[in-house]
Amino acid sequence: MSEISVRLPDGKLLAVPAGTTVLAVAERIGPRLARAALAGRIDGRLVDLRAPLDRDVALEIVTARDPQAGEVIRHSAEHVMADAVKRLFPSAQIDVGRSDHGEKFQYDFLVERPFSPQDLERIEDEMRRILAEGAAFEREVVDRAEAKARFAELGEHLKVSRIDDIPAGDPITIYRHGSFQDLCRGPHVQRAGQIGAVKLIELAGAYWRGDERNPMLQRIYGTAFASAKELDEHLERLEEARRRDHRRVGQDLDLFHLDPLSPGSPFFHPKGVVLFNELVGYVRSLYPKYGFQEIITPQIFRSDLFKISGHYENFGDDMFRFEGDEDEELFLKPMNCPGHCVYYNTTKHSYRDLPLRFAEFTRLHRNERSGTLHGLSRVRSFAQDDAHVFCMPEQVESELRSFFAMLREIYHALGLDDVEVSVSTRPEKFIGNPEAWDHAEKLLIAAVEEAGYACGIKPGEAVFYAPKVECDFRDVMGRVWTLGTVQVDMSAPDRFGLSYVGSDGQEHRAAMLHRAILGSLERFIAIYLEHTGGDFPLWLSPVQVAVLPIAERHTEWGARVRDALAARGLRVRLDDRNEKLNFKIREAETHKIPVMAVVGDQEVTSGTVTPRRRRGGKEAAAALPLDAFVAELSAKVAERRP
RNA sequence: GCCGACGUAGCUCAGCUGGUAGAGCAGCUGAUUCGUAAUCAGCAGGUCACCGGUUCGAAUCCGGUCGUCGGCUCCA
């Protein structure tokens with residue numbers, strides 16, 4: 001039998017017979033490693049311990065300490081959960097599990113009646129029992145007919161249909177622990193005991209094969225770790241996410257609320273409006289620099305507009321529709337682009353006028369399905385930092401360059417530095433010709449790379465009328481949100497007959513770009529609140545300064561401090577309540593006010609204030625003349641420094 | 001829209017298997033005049049989401065509606 005060579009992480013080469021399993025290699029290295037092994041890794045890909053090696057490879061043995069250990073453990077926990085469900089509910093049919101996203105795993109079941117939260121507890125207990133039994137996971141390669149027959153006999157009809165999804169020629173493997181077996185690619189732990197801690201998190205309905213025309217299965221989500229300590233840390237992170245939830249922060253800081261009388265349409269409170277307006281004002285302040293002109297188009301349009309744009313047939317059900325006089329069909333606009341096209345067409349354009357860049361912040365309304373509404377991040381009424389660029393086709397590249405320059409400037413100012421950019425390519429259903437799509441996609445990819453981003457590709461993810469760039473921001477909790485986007489429209493120029501007169505005196509088709517940098521302001525605020533936890537930089541803070549007199553005799557000076565700050569446009573509150581300084585500080589801290597100005601006897605006599613920064617702690621701050629204090633703060637605000 | 005859970009004072013929540021609603025914080029009043037994260041006391045505050053049913057009696061049990069939350073689907 002031929003030998004292969006296995007390179008270990010320390011550089012050592014091990015010669016073993018072809019067909020040696022990963023586990024056997026681990027045993028050659030040492031029995032303790034073999035016992036602790038959860039999986040192997042070849043070229044960054046996890047492989048099962050029982051998988052035979054058939055070529056020269058670089059191999060790492062994955063143990064509980066490995067960053068990828070969780071993936072293996074959770075994958076095996078899926079099987080344990082399915083096993084537990086089958087033990088408690090023998091008539092349940094198993095569909096499939098997943099554990100390749102985040103720190104949770106899931107499994108779907110077809111059951112006569114939905115699981116209850118009590119069932120969840122029972123299932124979790126049963127899982128612990130299975131872990132305690134510590135059965136070994138075994139791997140088996142079977143042929144297709146055998147696999148189908150086996151699951152058919154078990155009454156697992158969903159599973160049989162899943163076998164049909166496996167491409168012909170691919171090996172079919174089954175993993176078994178105890179009396180439970182499941183179709184699975186692996187890899188899996190050696191024995192159930194290696195799953196140190198499990199917790200079932202939640203129940204949900206999920207359509208079979210993700211199609212809403214199919215029956216709904218019951219999905220259980222859980223998480224699993226090598227140790228109880230890691231599980232606790234994970235639960236602590238979930239708790240932290242709950243603390244930062246924008247709905248909670250929005251409530252605590254009195255920024256907005258959602259009222260049952262208008263589901264999905266937020267009320268912004270005065271402080272929320274400050275945040276909203278500061279964001280809009282900032283973007284607006286950059287419009288001259290990047291050559292945008294702001295316009296305001298109608299909120300309501302006749303249906304004809306959306307018939308021209310194509311939204312009528314594609315999104316008609318998701319628009320707010322009503323009737324005007326004489327059965328006139330009207331819609332609340334769900335986006336600005338058609339209106340911008342109408343405006344573009346009000347005059348004949350020369351190539352000398354292009355590019356024309358129209359921006360608009362007015363409100364948009366979409367009748368989102370009730371189940372999809374979520375705080376500020378999914379609403380029915382919102383505004384975007386929306387704009388459309390009308391240009392000659394050969395100007396698209398430089399427009400994309402300008403888009404990324406503006407995007408960088410804004411994200412940097414807001415402290416959104418962890419951004420990944422990708423291009424979504426042509427979906428199955430699309431309009432326009434494929435060559436034009438290919439060309440546009442190439443332009444986008446080149447522009448992303450030129451802007452200095454590694455360009456990811458999201459195959460088939462584009463909108464039906466336009467390839468698009470998506471800018472995904474990773475927040476402090478590690479969650480990814482799509483913010484900015486730019487799209488090359490393959491449809492509107494023709495549908496609206498967007499044209500310009502070229503230097504040759506002939507009419508030419510114009511190119512059109514859609515772009516937004518923050519996207520929906522509502523959604524952006526949600527994301528930003530969770531990212532910052534409500535700790536805004538000075539310039540965005542609804543209340544920038546709290547003036548805190550120590551006793552009543554200091555309020556007069558406090559009022560003059562307040563007035564001096566307010567006169568320079570700073571948002572300031574004088575806390576003249578009859579409370580102790582500690583109380584006022586605590587409240588300013590919990591309200592996330594970035595700067596406090598303490599005034600007592602010393603300050604009154606010397607005409608100063610003693611500043612205290614948010615979370616400044618006990619460090620002794622020096623008193624500052626009022627003028628200097630005001631000048632420092634207004635300079636920071638003007639420069640949008642924290 | 002679909003599956004499940006939930007809806008009690010402005011906020012956060014308690015109220016065991018049915019017997020006329022309770023706390024903390026916030027608010028109001030008073031006392032205290034205080035130097036870097038909660039001073040003390042008193043007062044007031046609820047058609048228990050809404051509609052209907054069961055019952056001598058419903059916050060509690062049942063049905064419906066609305067909303068919220070977690071998912072699914074969708075996201076121009």
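Lettering follows sequence order; numbering is per chain, from 1.
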S.K.: Nearest to the side chain of A:Glu212, heavy atoms from C-beta on, is which of B:C34, B:G1, B:C3?
M.R.: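 Taking heavy atoms from C-beta onward, the closest nucleotide is B:G1.
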
S.K.: Is any side-chain N or O of A:Tyr207 under 3.5 Å from a base N or O of B:G1, one able to act as donor and the other as acceptor?
M.R.: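 Per atom types, the contact qualifies.
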
S.K.: Is the positively charged end of A:Arg586 above the ring of A:Phe583, judged by distance under 6.0 angstrom from the centroid and angle within 45° of the axis?
M.R.: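 Judged by the rule, A:Arg586 and A:Phe583 form no cation-pi pair.
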
S.K.: Taking the C1' atom of each, how far is B:C28 from B:A9, in whole Å?
M.R.: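 Between the two C1' atoms, the distance is 15 Å.
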
S.K.: Describe the nucleic acid contact of A:Asp601 in one word from base, sugar-phosphate, nothing, applying a heavy-atom distance below 4.0 Å.
M.R.: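 Base, at least one base atom sits under 4.0 Å.
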
S.K.: Assign A:Val463 to base, sugar-phosphate, or nothing according to its heavy-atom contacts below 4.0 angstrom with the strands shown.
M.R.: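 Touches sugar-phosphate only.
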
S.K.: Would you kindly give the CD-to-C1' distance between A:Glu121 and B:A5, to the nearest whole Å?
M.R.: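 Atom CD in A:Glu121 sits about 13 Å away from atom C1' in B:A5.
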
S.K.: Decide, yes or no, whether a salt bridge links A:Arg243 with A:Glu236 under the criterion of side-chain N to carboxylate O below 4.0 Å.
M.R.: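 Salt bridge flag = yes for A:Glu236 with A:Arg243.
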
S.K.: Do the charged groups of A:Asp245 and A:Arg247 touch, with an N to O distance under 4.0 Å?
M.R.: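 A:Arg247 and A:Asp245: salt-bridged.
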
S.K.: Would you indicate what A:Phe315 reaches in the nucleic acid, counting non-hydrogen atoms under 4.0 angstrom: base, sugar-phosphate, or nothing?
M.R.: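 It contacts base atoms.
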
S.K.: 5'-most contact on RNA chain B: A:Glu589 or A:Met216, nearest heavy atom basis?
M.R.: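 It is A:Met216, whose closest nucleotide lies nearer the 5' terminus.
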
S.K.: How would you label the contact of A:Gly210 with the nucleic acid (heavy atoms, under 4.0 Å): base, sugar-phosphate, or nothing?
M.R.: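 Sugar-phosphate: the residue A:Gly210, judged by heavy atoms under 4.0 Å, touches backbone atoms but no base.
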
S.K.: Mapping A:Arg366 and A:Asp245 onto RNA chain B by nearest heavy atom, which one lands closer to the 5' end?
M.R.: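 Nearer the 5' end of the strand: A:Asp245.
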
S.K.: Run the salt-bridge test on A:Arg113 and A:Asp119 with the 4.0 Å N-O cut-off and return the result as yes or no.
M.R.: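 Yes, this pair counts.
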
S.K.: Is A:Gln251 touching bases, backbone alone, or none of the nucleic acid, heavy atoms closer than 4.0 Å?
M.R.: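 Counting heavy atoms under 4.0 Å across all strands, the contact made by A:Gln251 is with sugar-phosphate only.
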
S.K.: Using a 4.0 Å heavy-atom cut-off across all strands, classify A:Gln218 as base, sugar-phosphate, or nothing.
M.R.: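 Result for A:Gln218 = sugar-phosphate.
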
S.K.: Looking only at side-chain N and O atoms, does A:Arg247 come under 4.0 Å of OP1 or OP2 in B:G70?
M.R.: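 Affirmative; the distance criterion is met.
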
S.K.: What's A:Asn314 touching, base or sugar-phosphate or nothing? Going by heavy atoms closer than 4.0 Å.
M.R.: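 Contact class for A:Asn314: none.
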
S.K.: With a 4.0 Å cut-off, would you call A:Glu329 and A:Arg321 a salt bridge?
M.R.: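 Result for this pair is yes, salt bridge flagged.
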
S.K.: With the side chain counted from C-beta on, respond yes when A:Val96 and A:Lys159 share a heavy-atom pair under 4.5 Å apart, and no when they do not.
M.R.: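 Of all side-chain heavy-atom pairs linking A:Lys159 with A:Val96, at least one is under 4.5 Å.
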
S.K.: For atom P, what is the distance between B:U68 and B:U29, given to the nearest Å?
M.R.: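 Pairwise P distance, B:U68 against B:U29, rounds to 36 Å.
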
S.K.: Quick one: label A:Gly375 by what it contacts on the DNA or RNA (base, sugar-phosphate, nothing), any heavy atom closer than 4.0 Å.
M.R.: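 Sugar-phosphate, backbone atoms only, no base.
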
S.K.: Looking for any heavy atom pair under 4.0 Å, which part of the strands does A:Arg219 touch: base, sugar-phosphate only, or nothing?
M.R.: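 Counting heavy atoms under 4.0 Å across all strands, the contact made by A:Arg219 is with sugar-phosphate only.
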
S.K.: Flag yes if more than 12 heavy atoms outside A:Phe320 fall under 6.0 Å of its CZ atom; otherwise flag no.
M.R.: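 Yes.
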
S.K.: For a quick test of reading the model: is some side-chain N or O of A:Arg113 closer than 4.0 Å to OP1 or OP2 of B:C3?
M.R.: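 The answer is no; no side-chain N or O of A:Arg113 sits under 4.0 Å from OP1 or OP2.
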
S.K.: By nearest atom, which of the nucleotides B:U39, B:G35, B:C34 is closest to the A:Glu579 side chain?
M.R.: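 Out of B:U39, B:G35, B:C34, the nucleotide with an atom closest to A:Glu579's side chain is B:U39.
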
S.K.: Do A:Arg378 and B:C75 have a side chain to base donor-acceptor pair shorter than 3.5 Å?
M.R.: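 By the distance-only test, yes, there is a pair.
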
S.K.: Which nucleotide wins on minimum distance to the side chain of A:Thr372, given the candidates B:C74, B:A76, B:C34?
M.R.: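 Nearest to the side chain of A:Thr372 among the choices is B:C74.
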
S.K.: Which is true for A:Glu603 with a 4.0 Å heavy-atom rule: it touches a base, it touches only sugar-phosphate, or it touches nothing?
M.R.: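 A:Glu603: base contact, heavy atoms under 4.0 Å.
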
S.K.: Taking the P atom in each of B:A26 and B:A49, what is the distance between them to the nearest angstrom?
M.R.: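 To the nearest whole Å, 26 Å.
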
S.K.: Under 4.0 Å, counting only non-hydrogen atoms across every strand here, what does A:Phe464 touch: a base, just sugar-phosphate, or nothing?
M.R.: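 Answer is nothing: A:Phe464 stays at 4.0 Å or more from every strand.
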
S.K.: Provide the distance between the two C1' atoms, one in B:G63 and one in B:G24, to the nearest whole Å.
M.R.: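 Their C1' atoms lie roughly 36 Å apart.
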
S.K.: A:Asp318 CG to B:U73 P: how many Å, rounded?
M.R.: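 Going from A:Asp318 (CG) to B:U73 (P), I get 16 Å.
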
S.K.: Using the side-chain heavy atoms of A:Glu202, tell me which of these nucleotides is nearest: B:C74, B:A26, B:G70.
M.R.: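 For the A:Glu202 side chain, the nearest candidate turns out to be B:G70.
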
S.K.: Using a 4.0 Å heavy-atom cut-off across all strands, classify A:Pro334 as base, sugar-phosphate, or nothing.
M.R.: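 Counting heavy atoms under 4.0 Å across all strands, the contact made by A:Pro334 includes a base.
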
